[in-house]
There are 2 protein chains.
Amino acid sequence: MKENPFPHFAAPRSHSAKRTSILEAAARVFCQEGFGGANIDLIAAEAGVSRQTVYNHHGDKDNLFLAVVKDITDRMNAGLFATLATFPDHPKDLEAELVAFAIRLNQNCICNRDGKFLRKLIQTEGERYPELFATWRDEGPLKTWSALAARFARLAHTGLLEVEDPDLAARQFLALINADLQVALLLGETPTEAEMETSARNAVRTFLRAYRPRVEAAKPASATA
Amino acid sequence: MKENPFPHFAAPRSHSAKRTSILEAAARVFCQEGFGGANIDLIAAEAGVSRQTVYNHHGDKDNLFLAVVKDITDRMNAGLFATLATFPDHPKDLEAELVAFAIRLNQNCICNRDGKFLRKLIQTEGERYPELFATWRDEGPLKTWSALAARFARLAHTGLLEVEDPDLAARQFLALINADLQVALLLGETPTEAEMETSARNAVRTFLRAYRPRVEAAKPASATA
DNA sequence: GACGAATTAGACAAGCGTGTCTAATTTTCT
DNA sequence: AGAAAATTAGACACGCTTGTCTAATTCGTC
């Protein structure tokens, strides 16, 4: 059925690949049906695996669900911080680079498959597993906000922005980024690239109108950087 | 078990009151468990009604679910437009009145029980009943945006704001209002009044910094009004 | 008080989903 | 090739849920 081109090197068919496959299928099904409506036979079928194998890998349904959430939150947080690392610390053109950053954030974190899944799982099962998602919140959004706030504070320090409360600025930046996408996201739709770009452009324009220094032009960093 | 103080006047015990009671209980259970996990026995018990009565009023589970969604969306939209009607069209103190309006919006529409239920139901079952929630979107958010946009356009016309795209301003206003509450809402928590007030204040300050006329002071209304 | 309609508790069949077990097969390692 | 481990299909028991049905009871009305 399948020839492995690296028979010596690659064990990755049976065990770990199946594990991944199960987690992905489970994520899909849990998201579409909710925990109560999810069906292990269906998960096994979508993963191309027998039901027993699902039980072998993750004891029972609860355990499988926990594994799915952990898997997604880990990937989500990794993507989040990877994208945060691309924040324009020394911008030549602040507006354009913030727009590009906002687009990356939307594409790689908020609007992608993991983002959609996580949002839905949290909304659906958040009250059933409070501590589970409390962990996620502390490790994900809270740290994201601090990290983003620190970047804005630094930009403020160089005079490019005028920010009293960097944490607030970070939250509002993220809120504005999604202002145009909220309903689509709520309904589970995935915005087009054009929509994400427009949304980012609108958000950054308003953000900068609110947070750019008001009177005298302070533009020291763009040349030195 | 229960004495009716107006035995002549009030028939409203058997039929219509039970109907309401069932819808409320069903809303609670559908929200907590999702459609798949919801249990009609539990709904009947929470409504203080026998299972058969549930089936008498709404044929089957699907029908009951549709009735619940219709009930909530109707109430939600009514509350939304009632609150929109309190928009400060002729403000003495624009910032303070916008803050008060934002608080009303959050308290009466976004953070209340119906708002929470609707958000969760849409997220949970939106893909199962696309046309159902498409109707909601067209009747609710879309009309809300237009209405709010029209108000902002009017304020811009009087010179109190400087708005190029009123629809965008409306979307961003709503996004900013929830910037500080997003995670709590996602997790199904209900923010305290103090949190809602702070969130509203922060939102309006930033909104006005972005949308208040920039250079020459156009402040005709505050004195004349 | 009596009638009719609604409600109730409970039993019931049918179907589905979980989780276990077994025996046969495939895959991986030596 | 041969041993050990993982995977598979299928059967199975068990419990839960939906939706129907019936007989008894309550409620509102006349």
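If you're wondering where the values come from, they're calculated on a predicted model, not measured in any experiment. Sequence lines set the chain letters: A, B, ... in the order given, protein chains first and strands last, and positions in each chain run from 1.
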Of D/dT18, C/dT7, C/dG19, the nucleotide closest to the side chain of B/N56 is C/dT7

5' priority, DNA chain D, between B/Y55 and B/Q52 [closest heavy atom] = B/Y55

Spacing between B/I43 atom CD1 and D/dT18 atom C1', to the nearest angstrom | 12 Å

Closer than 4.0 Å, any side-chain N/O of A/H57 to the OP1 or OP2 of D/dA6?
-> no

Are any of the side-chain heavy atoms of B/T73 and B/L132 separated by less than 4.5 Å?
-> no

Quick check: are there more than 12 heavy atoms from other residues, nucleotides or ligands sitting under 6.0 Å from CD of B/E193?
-> no

Atom pair CZ (A/F133) and CG (A/L121), whose distance is rounded to the nearest 0.5 Å | 6.0 Å

Donor-acceptor under 3.5 Å (B/T144 side chain, B/G140 main chain) | yes

Separation of atom CZ in A/R19 from atom C1' in C/dT27, rounded to whole Å = 19 Å

Residue B/K18, side-chain heavy atoms: nucleotide from D/dT20, C/dT20, C/dT7 that is nearest | C/dT7

Separation of A/I22 atom CD1 from D/dT7 atom C1', in whole Å?
-> 11 Å

Figure out the CG/C1' separation between B/L64 and D/dG19, and round it to whole Å.
-> 13 Å

Is A/R171 salt-bridged to A/D167, going by a charged N under 4.0 Å from an acidic O?
-> no

Answer whether the closest heavy-atom distance between the side chains of B/D71 and B/R75 falls below 4.5 Å.
-> yes

Between A/S21 (side chain) and A/A47 (backbone), is there a donor-acceptor pair under 3.5 Å?
-> yes

Please work out which of the three classes, parallel, tilted or perpendicular, describes the rings of A/F65 and A/F35, given edges at 30° and 60°.
-> perpendicular

Hey, is the main chain of A/N178 close enough, under 3.5 Å, to the side chain of A/S199 for a donor-acceptor pair?
-> no

Would you mind telling me which of B/F87, B/F207, B/F152 makes a ring pair (Phe, Tyr, Trp, His ring centres under 6.0 Å) with B/F101?
-> B/F87

Using the criterion of both pairing distances under 3.5 Å for Watson-Crick and G-U wobble pairs, give all stems of 3 or more consecutive pairs involving DNA chain C.
-> C:1-30 with D:1-30

What residues in residues 44-51 of chain A put a non-hydrogen atom under 4.0 Å from any atom of DNA chain C?
-> A/R51

Taking CG from B/D60 and C1' from D/dT17, how many angstroms apart are they, rounded to a whole number?
-> 14 Å

Is there side-chain contact between A/D180 and A/E195, with at least one heavy-atom pair below 4.5 Å?
-> no

Residues from residues 32-41 of chain B lying under 4.0 Å of DNA chain D - heavy atoms = B/A38, B/N39, B/I40

Reckon B/T53 has a side-chain N or O less than 4.0 Å from the OP1 or OP2 of C/dA6?
-> no

